[in-house]
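Just follow the structure's listing: the first ligand is 1, and inside any ligand the first atom is 1.
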Amino acid sequence: MKILEKSIIELHKELTSKKISATELTHASLDAIDKHDHKLKAFITVCKTDALRVAKKVDEKIATGEKIGLLAGIPFSAKDVIMTEGIKTTAGSKMLENYVAPYNATVIARLKKAGAILIGKTNCDAYGHGSSTENSDFFVTKNPWDTSRVAGGSSGGAAAAVAMGMGVFALGEDTGGSIRQPAALCGVTGLKVSYGRVSRYGSIAYASSFDTIGPITKSASDVATVLRCIAGKDAHDHTTMPDIVPNYLQDLKKPFPKLKIGLPKEYFTSDLDPAIKEKIMEAVKEFEKMGCEVKKVSLPHTKYAIPTYYLLAPAETSANLARLDSIRYGHRAKNAKTIDDIFKKSRSEGFGKETKRRILIGTYALSAGYFDEYYKKAQKIRTLIREDFNKVFADVDVLFTPTSPFTAFPIGEKATDPLAMYLADIYTIAFSLAGLPTISVPCGFIKNLPVGMQITGRYMDETTVLHVAHQYESVTTKQAKKPNL
Ligand code: GLN
């Protein structure tokens with residue numbers, strides 16, 4: 001097994017037993033970037049010098065016999081919407097092309113404190129607006145399984161990086177599917193946490209009532225290790241919940257309970273690709289064999305999820321992006337003279353087409369006269385969607401659904417058709433509207449392209465979600481195959 005294919009726990013053992021050093025592990029990740037990233041374009045910034053400096057410090061600790069935590073010496077990348085002090089943080093947008101973050105996001109501060117090694121910042125659709133990284137203002141990230149196809153989005157760079165061993169794990173950001181969908185398309189594991197489980201402080205906001213930061217990894221146990229470090233109350237983010245952070249990794253060792261699994265009929269209609277359905281049903285059978293009860297359930301308001309999200313998320317993003325006026329930071333148009341001119345020209349040049357579309361839709365939905373008809377109505381439907389889940393979770397413990405309606409699609413196929421692109425989120429968005437914890441795990445291949453299954457649990461119950469994902473990994477070899485670039 002190659003070094004970068006090992007789990008965080010295995011690597012930790014090798015580090016503490018001095019079989020490998022943090023410097024070697026960091027070099028291995030940086031070498032993988034050198035070898036593969038000119039083909040994949042997953043990274044916007046690579047932090048070689050900083051990474052090797054931190055690695056050296058970890059090695060010094062190990063040499064003196066100091067006890068190190070599980071994440072010390074483990075290389076990782078962060079989606080470029082996550083603020084990293086002293087390092088360029090672009091949000092995939094030309095507007096912030098040269099923006100150097102003045103402070104660390106809480107997730108970065110916590111990982112750094114744990115000794116994890118930031119090796120670089122990954123490409124994404126600008127501000128998270130998209131499902132393929134084709135809306136990045138810089139370049140498109142390619143899929144490691146087939147470089148003529150997208151890696152998914154918006155955290156496509158993060159998922160491609162993990163799939164190719166460019167870092168052991170990645171941090172992504174998920175507003176409506178941006179961790180789960182690229183994880184599915186690249187054949188890796190990605191968790192969207194419950195809203196409020198992980199601090200959003202220092203994450204460049206897309207839609208504040210949806211945004212979550214979470215890990216993309218090669219296994220549920222790696223997710224558990226990273227989550228334990230980044231989760232929990234943060235004084236800088238008042239939407240974080242005070243709940244005690246469980247020892248997720250420890251909990252994976254408990255006997256697997258005979259859970260009740262729900263299959264929502266709205267996710268298994270005749271529109272679902274039969275080949276994807278087959279993969280999900282194979283996974284379901286594994287759980288039946290373990291004695292789990294499988295039940296059909298219904299989430300009747302699912303059909304409103306896409307229109308509701310594509311009204312509320314643009315509304316929130318139009319407000320969040322209003323602060324990018326190029327006065328204090330960000331792109332400034334060269335020939336702008338008056339203050340109005342500065343706003344207009346700088347924003348026209350700094351924002352891409354999709355971001356502008358969303359600002360327009362959002363501003364319209366929030367404008368006087370339309371607020372009640374659009375924004376308020378969408379909020380009411382969001383409540384109905386949440387209530388659907390409350391009812392279903394009174395009866396079942398987890399829901400199994402596909403993550404994406406298709407495997408990785410060819411670059412350019414949907415780029416000029418925003419509505420077709422929005423439909424990429426059809427299976428992920430309702431869970432985001434409800435703020436639920438949900439993970440995408442690899443569940444097989446169609447024509448050598450990975451397929452993902454989504455496992456969703458009750459609000460704040462990441463423990464069960466991870467336990468199910470871990471249990472699935474232990475009975476299948478679907479995660480074993482690696483891309484061969
Ligand atoms: N694809 C969705 C969108 O474009 C979700 C993006 C995200 O989760 N950041 O809004």
Side-chain angles (χ1 to χ4, degrees), residues 78-82 90-93 122-137 140-141 150-159 170-185 190-195 198 200 203-216 305-318 320-321 351-362 365 378 382 403-406 408-409 414-415 417-440 452 454:
K79 182 179 183 178
D80 216 15
V81 296
I82 302 172
T90 68
S93 168
T122 55
N123 192 32
C124 56
D125 295 285
Y127 307 100
H129 297 158
S131 305
S132 66
T133 75
E134 288 166 293
N135 294 333
S136 161
D137 290 343
V140 180
T141 299
V150 302
S154 60
S155 314
L171 287 182
E173 174 277 336
D174 190 313
T175 304
S178 275
I179 285 179
R180 292 160 283 161
Q181 186 258 17
L185 269 46
L191 174 76
K192 182 197 98 63
V193 296
S194 306
Y195 184 79
V198 172
R200 291 179 294 114
S203 169
I204 296 176
Y206 165 7
S208 311
S209 77
F210 297 83
D211 295 350
T212 55
I213 297 180
I216 297 181
I306 289 257
T308 305
Y309 172 86
Y310 275 104
L311 200 124
L312 293 176
E316 292 188 25
T317 215
S318 73
N320 279 324
L321 297 182
F351 289 137
K353 214 170 166 185
E354 181 60 25
T355 296
K356 282 180 191 151
R357 182 180 292 117
R358 293 185 189 208
I359 292 174
L360 285 173
I361 296 172
R382 185 177 192 177
T403 307
S404 165
F406 25 68
F409 48 91
K414 299 179 200 299
D417 183 350
L419 290 181
M421 193 68 91
Y422 297 168
L423 287 175
D425 310 321
I426 193 153
Y427 298 133
T428 51
I429 265 179
F431 306 115
S432 300
L433 283 157
L436 299 172
T438 168
I439 196 168
S440 180
Q454 208 175 190

side-chain contact (heavy atoms from CB on, under 4.5 Å) partners of [X], counting only residues at least two apart:
X    : answer
P307 : none
I179 : S155, D174, I216
I359 : S318, L321, R347, F351, T355, T363

Considering only N or O atoms, set out every pair between ligand 1 and the protein closer than 3.5 Å, with distances to one decimal place.
residue  : atom   : partner : partner atom : Å
ligand 1 : 1 (N)  : G130    : O            : 2.9
ligand 1 : 1 (N)  : S131    : OG           : 2.9
ligand 1 : 1 (N)  : D425    : OD1          : 3.1
ligand 1 : 1 (N)  : D425    : OD2          : 3.0
ligand 1 : 4 (O)  : G130    : N            : 2.9
ligand 1 : 4 (O)  : Y310    : OH           : 3.2
ligand 1 : 4 (O)  : R358    : NH1          : 3.1
ligand 1 : 4 (O)  : R358    : NH2          : 2.9
ligand 1 : 8 (O)  : T175    : N            : 2.7
ligand 1 : 8 (O)  : G176    : N            : 2.6
ligand 1 : 8 (O)  : G177    : N            : 3.3
ligand 1 : 8 (O)  : S178    : N            : 3.0
ligand 1 : 8 (O)  : S178    : OG           : 2.7
ligand 1 : 9 (N)  : G128    : O            : 3.1
ligand 1 : 9 (N)  : S154    : OG           : 3.4
ligand 1 : 9 (N)  : T175    : OG1          : 3.4
ligand 1 : 9 (N)  : S178    : OG           : 2.7
ligand 1 : 10 (O) : Y206    : OH           : 2.6
ligand 1 : 10 (O) : Y309    : OH           : 2.7
ligand 1 : 10 (O) : R358    : NH1          : 2.9

For the residue pair Y310 and Y422, categorise the inter-ring angle as parallel (less than 30°), tilted (30 to 60°) or perpendicular (more than 60°). parallel
Measure the acute angle between the ring planes of F409 and F406, then classify it against the limits of 30° and 60° as parallel, tilted or perpendicular. perpendicular
Between R358 and Y127, is there a side-chain heavy-atom distance shorter than 4.5 Å? no
